[in-house]
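These values consider heavy atoms only, across backbone and side chains, with no hydrogens, waters or symmetry-generated copies. What you are looking at is a predicted structure, and each value in this text was computed from that prediction instead of being measured. We number each residue from 1, following the sequence as shown.
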Amino acid sequence: MARYHSSLYAEESARDQAWAAFITRTLTLLFHGKSSGPLLTAHLNSALTLSRILIRSLPPFSKYPEDVEVKTWTGGCHCRRFTYEYDHPLLEASPPTSCNCSICTQKGELHAYGPESAFRFTKGSFDEAMAYAWGKKRSTRFFCPTCGCQLMWRGMGRVGVNVRTFDGIDVDKLVLKHIDGRSF
């Protein structure tokens with residue numbers, strides 16, 4: 001097994017910082033010229049606060065614990081039209097999440113989060129899978145068009161692989177991390 005190092009998340013962290021800077025620049029331009037002095041300062045402070053709120057509204061993706069063993073998990077849909085490999089720590093070190101958002105609740109999904117680069121199809125492809133995005137469209141869910149099995153979602157440079165599709169997994173023995181997806 002490989003060892004995780006925080007550099008795997010460097011790209012995602014840089015993307016988040018770039019997004020915050022973009023929001024701040026955009027809001028600054030919107031408010032520029034509309035006021036001066038203390039009122040301009042108040043508008044700019046509002047823009048900064050709004051950019052921080054928007055960044056915080058992204059789902060809470062835990063980074064892997066530093067120097068943890070990373071396993072290559074295998075899995076796929078029920079009919080095996082789609083199979084994959086996913087580099088993720090042992091589930092005891094980085095537990096899967098149980099989310100209470102509307103779709104995770106209805107589908108009973110449990111996700112293991114990680115950088116998008118850690119996931120790869122070994123059979124099938126994103127183009128062959130059925131895709132579904134809703135609401136703010138920050139992520140797209142992928143499922144098999146033959147058996148309907150929900151495999152994963154991707155968006156914002158990250159993936160959430162449905163642990164129920166891992167080969168040989170006993171979900172009754174998993175310790176889960178609960179997140180409040182209804183609030184996103």
Report task. State, to 0.1 Å, how close N100 and G181 come at their nearest heavy-atom pair, and which atoms those are. Result -> OD1-N, 2.7 Å
**Report entry** Distance-only side-chain donor-acceptor flag, T72 / D87, under 3.5 Å
**Finding:** yes
Report summary line: Residues pairing under salt bridge (charged side-chain N to carboxylate O under 4.0 Å, His left out) where one sits in residues 88-113, two or more places apart or in two chains, turn out to be E109-R141
**Report entry** Check: V159 and Y113 side chains under 4.5 Å, non-hydrogen atoms
**Finding:** no
Query raised in the report: Do you know which two heavy atoms are closest between M130 and P145, and how far apart they sit?
Result: CG-CB, 3.3 Å
**Report entry** Donor-acceptor pair, side chain of R120 and main chain of A118, under 3.5 angstrom
**Finding:** yes
**Report entry** Residues in ring-ring contact (aromatic ring centres under 6.0 Å, His included) contact with Y84, at least two apart in sequence or another chain
**Finding:** F119
Query raised in the report: Within a strict 4.5 Å, meaning less than it, do heavy atoms of the L110 and V171 side chains meet?
Result: yes
Query - Contacts of type side-chain hydrogen bond (donor to acceptor under 3.5 Å, both in side chains), residue T146, not counting sequence neighbours - result: R81
Requested in this report: Report the C-alpha separation of W153 and V161 in whole Å, then their side-chain angles, then the decisive distance to 0.1 Å, and conclude whether the side chain to side chain contact (heavy atoms under 4.5 Å, CB included) test is met.
Outcome: CA-CA 7 Å; W153 64 261; V161 181; over 6 Å; no
**Report entry** Y86 ring center near W73 ring center (under 6.0 Å)
**Finding:** no
Query raised in the report: Shortest non-hydrogen contact from A133 to S139?
Result: CB-O, 3.6 Å
Requested in this report: Nearest 0.5 Å please: distance from the CD atom of E128 over to the CZ atom of F142.
Outcome: 12.5 Å
Report task. Identify the two heavy atoms, one from F82 and one from S125, that lie closest to each other, and give their separation to 0.1 Å. Result -> CE2-O, 3.4 Å
Query raised in the report: What about Y132 and F143, are their ring centers closer than 6.0 Å?
Result: no
Query raised in the report: Taking all non-hydrogen atoms of both residues, which atom of G76 and which atom of L151 are closest, and how far apart?
Result: C-CD2, 3.7 Å
Requested in this report: Mark yes or no for whether N162, through its side chain, and H111, through its backbone, hold a donor-acceptor pair below 3.5 Å.
Outcome: no
Query raised in the report: Are any side-chain N or O atoms of H178 and backbone N or O atoms of C99, one a donor and one an acceptor, separated by less than 3.5 Å?
Result: no
Query raised in the report: Closest approach of A93 and P89, non-hydrogen atoms and distance?
Result: CB-CB, 4.4 Å
Requested in this report: Could you walk me through whether F126 and R154 pass side chain to side chain contact (heavy atoms under 4.5 Å, CB included), step by step?
Outcome: CA-CA 10 Å; F126 285 111; R154 75 174 177 176; 3.3 Å; yes
Query raised in the report: What's the verdict on side chain to side chain contact (heavy atoms under 4.5 Å, CB included) for V163 and I169, showing C-alpha distance, side-chain angles and the deciding distance?
Result: CA-CA 8 Å; V163 173; I169 198 79; 4.0 Å; yes
Query - 4.5 Å side-chain heavy-atom contact, L91 and P96 - result: yes
Report summary line: The reported gap from CZ in R80 to SG in C149 (rounded to nearest 0.5 angstrom) is 9.5 Å
Query raised in the report: Which distance, rounded to the nearest 0.5 Å, do you find between the SG of C144 and the NE2 of H78?
Result: 10.5 Å
Report summary line: Here the gap from M152 atom CE to C77 atom SG, rounded to the nearest 0.5 Å, amounts to 13.0 Å
Query raised in the report: Looking at E116 and R158, does any basic side-chain N land under 4.0 Å from a carboxylate oxygen?
Result: no
